[in-house]
Each structure stands twice: as structure tokens, then as C-alpha cells.
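Below you'll find the structure, written out as C-alpha cells, and then a few comments.
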Protein chains: 2
Amino acid sequence: MKKTITPTTTIERLPIYYRCLQRLNKMNVDIISSQELGDKIGIPSTQVRKDLSYYGEFGRRGVGYEVPVLLKHLRKILGLDQVWEVALVGAGNLGHALVNYGGFRKLGLKIDYVFDADPNKIGKKFAGLKIHDVSKLQEVVKENGIKVGIIVVPAEHAQSIADDLIDAGVEALWNFAPTHLKVPQEIELKDEDLSIGLISLAYHLSQD
Amino acid sequence: MKKTITPTTTIERLPIYYRCLQRLNKMNVDIISSQELGDKIGIPSTQVRKDLSYYGEFGRRGVGYEVPVLLKHLRKILGLDQVWEVALVGAGNLGHALVNYGGFRKLGLKIDYVFDADPNKIGKKFAGLKIHDVSKLQEVVKENGIKVGIIVVPAEHAQSIADDLIDAGVEALWNFAPTHLKVPQEIELKDEDLSIGLISLAYHLSQD
DNA sequence: TAGATTGTTAATCGATTAACAATC
DNA sequence: TAGATTGTTAATCGATTAACAATC
């Protein structure tokens with residue numbers, strides 16, 4: 001394994017490889033070449049090999065990659081062999097969709113705690129989880145060693161929720177609020193701004 | 001205006017500028033410098049200027065950018081001065097969240113038609129919209145000149161829905177199904193794979 | 001051995017950033 | 001004029017891709 005910095009673009013492709021391999025594994029495909037794998041996800045074979053090379057040598061020359069072996073390596077690399085406690089703040093439509101999202105379960109990820117500020121929601125069930133009072137957020141995060149927070153609250157509350165989560169020990173944030181959050185450098189922040197996708201389609205259509 | 005190709009990264013930042021300027025405009029901020037704008041969204045001033053320069057000269061040297069003027073230009077550039085008919089296929093949780101998503105309304109975008117295959121859902125109301133039978137998809141798309149399709153169906157159905165939409169005249173697809181869609185080159189495709197965000201957080205946490 | 005495919009180096013391509021002349 | 005900030009060029013940085021030796 002080399003001590004080079006892995007490009008962020010490579011990291012973003014790892015989950016895509018992982019899911020594709022999961023499907024192949026379920027179909028009892030045993031060996032796959034970088035060419036075939038690349039074709040399935042729409043990237044060149046050379047990029048597949050380069051990406052994997054940042055983490056080790058997982059294939060056999062002249063043969064290809066053993067699906068179960070590569071899968072196991074990727075699971076480890078992605079941290080999916082560990083259990084991450086995840087808290088979601090904001091029991092709205094989008095929060096509901098996320099808690100129920102089938103994609104997570106398949107990956108061994110799940111959301112464990114849901115919080116909201118609305119007294120009418122607190123205590124109610126939400127996709128099988130009890131909605132906690134957001135005033136208890138820090139307490140619950142600390143007690144349960146929650147490391148990942150998902151922010152699905154209105155933009156104007158996002159920063160203060162982020163501050164609270166970080167204060168209580170969360171190390172990674174997934175932010176759906178359409179606003180720029182200020183967080184310390186050591187906190188992992190992933191912005192997921194849903195309106196950008198639709199706007200960029202409108203942009204491309206209006207260019208023609 | 002130069003005849004250079006605009007980087008895709010620039011295009012993805014345009015909606016962020018737009019939303020930030022909308023907020024500034026509402027706060028009656030009249031003039032903003034590239035430095036201030038960049039600070040607000042977490043990018044260097046030089047990138048703001050460079051990005052905007054692909055489309056024209058919107059600022060005044062020594063002064064900055066007039067918020068309403070820049071906003072107007074961006075609205076035009078992003079195609080938000082036009083009305084786009086949008087159809088969503090898949091009346092599940094995530095579809096519901098998208099139809100209700102406040103971020104779109106603020107931008108003058110909205111979802112107009114919802115489709116599903118479930119007989120129990122067809123005809124029912126869904127966030128204020130009637131759920132149409134997916135078997136009528138092509139018909140409705142053609143009749144109403146729908147140009148944008150949002151795919152929120154299970155992965156195994158995504159490709160055939162995409163084919164149907166394209167066949168009926170849709171030119172841009174926003175795909176939430178965790179699968180690689182094959183579409184003709186002239187079709188604008190934006191993938192929005194929600195599990196990637198969460199996995200990449202797990203990855204970063206497990207690196208430490 | 002002959003054919004196939006990996007892992008890696010080097011070349012290319014594209015995006016960001018520093019620097020500064022233009023100009024308000 | 002002096003101070004500020006744009007628009008743009010050129011330098012830098014980072015990611016992709018082509019090419020090929022290594023090797024199964």
C-alpha cells in the first residue's frame with residue numbers, strides 16, 4: 001500500500017464499486033475484470049484499477065478481481081465492518097425518507113435516533129423510531145457515543161443544530177439544509193443540497 | 001462573453017451563488033464584493049470572479065456586484081426565468097419529500113405530475129397532487145411537453161422508466177435510484193445517490 | 001508459451017488560485 | 001488622486017487517461 005493521498009473523487013467512487021460488487025456477488029459472479037466493472041458503472045477500466053491501487057493490490061494479473069475478496073476489502077476500507085451510531089435531526093418528509101431509505105440497510109447502515117423540536121411530534125413514532133425532544137440532543141449523543149449526525153432542519157436552524165452536535169461529540173455531519181455550515185476543520189462535513197440537482201438540469205436545458 | 005467551455009464545477013456553484021444572492025436581496029443588501037460572497041459560501045473570492053466571468057462582466061471595479069443585477073443575470077443563466085414542466089415517478093417517501101421540498105418553490109421550480117404503479121396509490125392525493133397511473137406516463141409527458149423527469153423508483157425499475165420518459169420526449173433526468181442508467185448522449189442525466197453521502201462519512205471516520 | 005489483465009508510470013487534461021493591470 | 005475591487009492571464013495543483021512492463 002502506497003502512502004499517497006487518495007483523491008476525493010476516488011473516495012466518492014468507492015461506494016459505487018461496493019454496491020455494484022454486492023449485486024454481482026448476489027448473482028454469484030465470481031471474477032470480474034476492471035473493464036467489466038467499469039462498463040457497469042460508466043467509467044474507464046483504467047480508473048477502476050487506479051482507484052483500487054490506492055488501497056492495495058486486490059486483483060490477479062491476467063485474471064481479474066475475485067468479487068468476494070474485493071468486496072471484503074472494500075467493506076473494510078469504507079468502514080462498513082464497524083457499527084456507526086447515527087442521529088437524525090428534523091422529523092419532516094425528507095427525514096422520513098432517509099430513515100426508511102432501503103439503500104442504507106443494504107449497506108449495513110441505519111439511523112438510530114430521531115429528534116425534532118415540535119411538541120406534537122415528540123414521543124410519536126417515526127418510521128419505527130421514537131422521536132426525541134431536540135432539547136435532549138446533546139445528552140443522548142453523549143450517552144450513546146453517536147458519531148454521525150444528519151441535519152434535515154430548516155436552513156435557519158441548521159448552524160445551531162450543527163454546533164450542538166459537534167459540541168456533544170459528533171465527528172461527521174451530513175447536511176441537507178441549503179446553507180453553508182461553519183464547522184471546525186476536523187469535523188467531516190458532507191453537504192447534500194437537493195435543489196442544486198434540479199437547477200443544474202434547468203441550466204442545461206436552457207443552454208440548448 | 002467568451003466562447004470558452006464552462007467547467008462543470010462552475011455550473012454546480014451557480015445555484016449556490018443564486019440562493020445566497022436571493023437571501024442577500026431579501027435582506028436588502030445592495031452591493032456585495034466577490035470576497036464577501038465567497039466568504040458566505042466558503043470559497044475564495046477569485047473563484048467567484050472566475051465563475052461569473054464565464055458568463056459576462058456583471059460587477060463594477062472598485063465597487064463590487066449589485067445584488068439585484070447579478071441575481072437577474074443568474075436567473076437568466078440558470079434558466080429559472082422559464083417554466084419547466086416536471087414529472088416525478090415513484091410516489092414513495094422520498095418522492096413525497098421532493099414534491100414538498102421548500103427549496104424548489106423558492107427557486108420558482110415545482111413538480112407538476114406524480115406517477116406510480118401501485119393501484120392503491122393511483123388516484124389518491126400526494127402532497128396536493130393527484131397520483132397518475134404510470135401506464136399513462138408517456139401519454140401525459142407528450143401531451144404536456146414535460147421536459148424534466150425525476151426517477152424515485154426502486155433500482156430494478158429505473159432503467160425502463162428512464163427509457164419510457166426519454167421515448168416520450170423528456171430531455172433531462174434526475175435519478176435517485178442507486179443504479180447506473182444508460183441514456184443517449186443528448187439527454188441530461190443527474191445522479192443523486194443518497195447512500196454515497198453516508199458511506200463517505202463512514203469512510204472518513206474509519207480513516208482516523 | 002500465448003493471451004489476458006493487472007498495477008503503475010508518465011502524459012494529458014481540467015480546475016483552482018495567485019497575481020496584477022484595468023478601472024471605478 | 002488614493003483606495004478598492006473587478007476581470008483575466010499565467011502558474012499551480014489535482015485528477016484522468018494512455019501506455020506498457022509485470023505477471024498470472
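In the text below, chain A, chain B and the rest are named by the order of the sequence lines, each starting its count at 1. This is a predicted model, so every value here is computed, not measured.
Each of D:dA19, D:dT16, D:dC24 was ranked by its minimum atom distance to the side chain of A:Arg61; first place goes to D:dC24. Checking C:dA18, D:dT6, C:dT8 against the side-chain heavy atoms of B:Arg49 singles out D:dT6 as nearest. The side chain of A:Ser53 lies closest to C:dT8 when the candidates are D:dT16, C:dT8, D:dG7. In this structure, the nucleotide among C:dA10, C:dA15, C:dC24 sitting nearest to the side chain of A:Lys50 is C:dA10. The listed nucleotides are C:dT6, D:dT8, C:dA15; the one nearest the side chain of B:Glu57 is D:dT8. Taking only side-chain atoms of A:Gln47, from C-beta outward, the nucleotide of C:dT8, D:dT17, C:dC20 with the closest atom is D:dT17. When distances are taken from the side chain of A:Thr9 to each of C:dT5, D:dA15, C:dT17, the shortest belongs to D:dA15.
A pairwise comparison of heavy atoms in B:Lys147 and B:Val170 identifies O-CG1, 3.6 Å as the closest pair.
Contacts of B:Ser33 with the nucleic acid, taken as non-hydrogen atoms under 4.0 Å apart, involve only primed sugar atoms and P, OP1 or OP2. Counting non-hydrogen atoms under 4.0 angstrom, A:Ser34 reaches the backbone sugars and phosphates but no base. Note on A:Arg60: only backbone sugar-phosphate atoms sit closer than 4.0 angstrom, heavy atoms only; bases stay farther off.
B:Tyr55 has its ring centre no less than 6.0 Å from the ring centre of B:His73.
In this structure, B:Glu36 atom CD and D:dA4 atom C1' are separated by 12 Å, rounded to whole Å.
Residue-to-nucleotide proximity on DNA chain C shows that, of A:Gly62 and B:Asp51, the 5′-proximal contact is made by A:Gly62.
For C:dA15, the paired nucleotide is D:dT12, the pair qualifying as Watson-Crick or G-U wobble because both relevant distances are below 3.5 Å. When both pairing distances are held under 3.5 Å, D:dT23 makes a Watson-Crick or G-U pair with C:dA4.
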